K.L.:
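What follows is a structure written as structure tokens; I'll ask about it next.
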Amino acid sequence: MAGPGCGHDVVIRERKPADDEAIRRLNDTAFGGPIEAKIVEDLRKARLATIELVAVEADEIVGHILFSALKVTIGAEMIPSLALAPMAVLPGRQRRGIGSELIHHGLALARQREWWAVIVLGHPDYYPRFGFSAAVTKPLAAPYSGDAFMALELVPGALSGADGRVVYPRAFDIDA
Ligand SMILES: CC(C)(COP(=O)(O)OP(=O)(O)OC[C@H]1O[C@@H](n2cnc3c(N)ncnc32)[C@H](O)[C@@H]1OP(=O)(O)O)[C@@H](O)C(=O)NCCC(=O)NCCS
């Protein structure tokens with residue numbers, strides 16, 4: 001697909017192992033440190049990395065997004081859920097819709113693969129445009145709360161019900 005305002009076509013595709021070094025560099029650059037790249041590697045090692053996409057422009061990886069399996073329960077029921085994190089676009093390529101394309105493609109795949117919900121801890125001004133809402137996470141017992149802790153139900157009502165819980169894997173424990 002062609003990204004809006006791009007000189008080159010931006011192609012979104014699934015990550016291949018050969019991309020990993022470029023993905024690491026991209027995360028280090030976009031976040032200004034190694035924490036997010038380590039989270040990505042730890043989630044892969046733990047076999048939790050589920051949907052992983054890259055944005056490629058003129059043979060260069062300029063964007064990356066990872067959705068990983070997350071333990072979400074409502075009462076005794078496991079709700080097939082993903083964490084969206086991290087995502088990054090090269091600083092020089094931001095604000096041209098690449099991040100949005102990564103999210104749209106990722107959510108489409110998540111729907112297709114029958115995940116019920118996606119949870120994100122991120123900028124409260126950014127994710128609501130994709131349908132994420134902090135109101136949905138409010139009743140959940142989780143390590144996070146507030147405007148930045150948002151969810152999107154791919155199956156309506158997936159996260160409603162009594163005694164909802166979200167347990168993040170160790171990969172997200174940045175002290176681990
Ligand atoms: C967040 C990020 C992935 C967005 O990628 P992008 O390709 O610039 O996104 P898009 O072009 O689709 O959307 C741009 C929008 O994102 C918003 N945005 C970008 N960074 C933002 C931030 N830190 N806080 C709030 N909004 C932000 C902009 O307001 C812009 O909206 P506008 O066009 O209405 O002004 C990119 O800015 C990035 O890599 N940031 C550094 C790493 C990061 O913070 N990742 C997210 C947390 S996991």
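Atoms within each ligand, like the ligands themselves, are counted from 1 in listed order. Side chains are part of it too, since the values below use all heavy atoms of this structure and drop only hydrogens, waters and symmetry mates. Note that the structure is a prediction, hence the values are computed from the model and not measured. If you read the sequence from its start, that first residue is 1, and numbering goes on from there.
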K.L.:
Just to check, does A88 reach to within less than 4.0 Å of ligand 1 when the distance is taken from its heavy atoms?
P.N.:
yes
K.L.:
Could you check F67 against L84 for side-chain contact (heavy atoms from CB on, under 4.5 Å), going step by step and ending with a plain yes or no?
P.N.:
CA-CA 5 Å; F67 297 78; L84 188 179; 3.7 Å; yes
K.L.:
Counting heavy atoms only, which of Q94, R129, R95, R96 is nearest atom 34 (O) of ligand 1?
P.N.:
R129
K.L.:
Look only at the side chain of T50 and the backbone of L48, and say whether a donor-acceptor pair between them is shorter than 3.5 Å.
P.N.:
yes
K.L.:
Among all the protein's non-hydrogen atoms, which is closest to atom 41 (C) of ligand 1, and how far away is it?
P.N.:
A30 O, 3.7 Å
K.L.:
Note the single closest protein heavy atom to atom 7 (O) of ligand 1, along with its residue, its atom name and the distance in Å.
P.N.:
G99 N, 2.8 Å
K.L.:
So, the side chain of T137 versus the backbone of F149: is there a donor-acceptor pair under 3.5 Å, distance only?
P.N.:
yes
K.L.:
Does the N or O separation between F31 and ligand 1 drop below 3.5 Å for any pair?
P.N.:
no
K.L.:
To check your reading of the model: name the closest protein heavy atom to atom 12 (O) of ligand 1, its residue, and the distance in Å.
P.N.:
S100 OG, 2.5 Å
K.L.:
Would one find an N or O of Y127, backbone or side chain, under 3.5 Å from an N or O of ligand 1?
P.N.:
no
K.L.:
May I ask you to identify the nearest protein heavy atom to atom 44 (O) of ligand 1, giving residue, atom name and distance to one decimal place in Å?
P.N.:
H123 NE2, 3.3 Å
K.L.:
Among all the protein's non-hydrogen atoms, which is closest to atom 5 (O) of ligand 1, and how far away is it?
P.N.:
V89 CG2, 3.5 Å
K.L.:
Taking R24 as the fixed residue, which of D20, D28, N27 is the one that meets the side-chain hydrogen bond (donor to acceptor under 3.5 Å, both in side chains) rule?
P.N.:
D28
K.L.:
Between P86 and ligand 1, is there a nitrogen or oxygen pair with a distance under 3.5 Å?
P.N.:
no
K.L.:
Quick one: does atom 38 (C) of ligand 1 have a protein heavy atom under 4.0 Å from it?
P.N.:
yes
K.L.:
When you measure from the side chain of R129 to the backbone of Y126, do you find a donor-acceptor pair of N or O atoms at a distance under 3.5 Å?
P.N.:
yes
K.L.:
Can you tell me if CG on D147 sees more than 12 non-hydrogen neighbours from other groups inside 6.0 Å?
P.N.:
no
K.L.:
Determine whether R25 and E21 satisfy the following criterion, salt bridge (charged side-chain N to carboxylate O under 4.0 Å, His left out), listing intermediate values before the conclusion.
P.N.:
CA-CA 6 Å; R25 283 200 307 270; E21 181 54 26; 3.7 Å; yes
K.L.:
Does the N or O separation between R93 and ligand 1 drop below 3.5 Å for any pair?
P.N.:
no
K.L.:
Who's the nearest protein heavy-atom neighbour of atom 48 (S) of ligand 1, and how far?
P.N.:
M87 N, 3.6 Å
K.L.:
Counting heavy atoms only, which of G32, G97, G63 is nearest atom 11 (O) of ligand 1?
P.N.:
G97
K.L.:
Would a 4.5 Å heavy-atom cut-off, applied to side chains only, mark F132 and V118 as touching?
P.N.:
yes
K.L.:
Please round to the nearest 0.5 Å and tell me the distance separating atom CG of L70 and atom CZ of F172.
P.N.:
7.5 Å
K.L.:
What is the closest protein heavy atom to atom 26 (N) of ligand 1, and at what distance does it sit?
P.N.:
Y126 CB, 4.2 Å
K.L.:
Over 60° means perpendicular and under 30° means parallel, so classify the ring planes of Y127 and H123, tilted if in between.
P.N.:
parallel
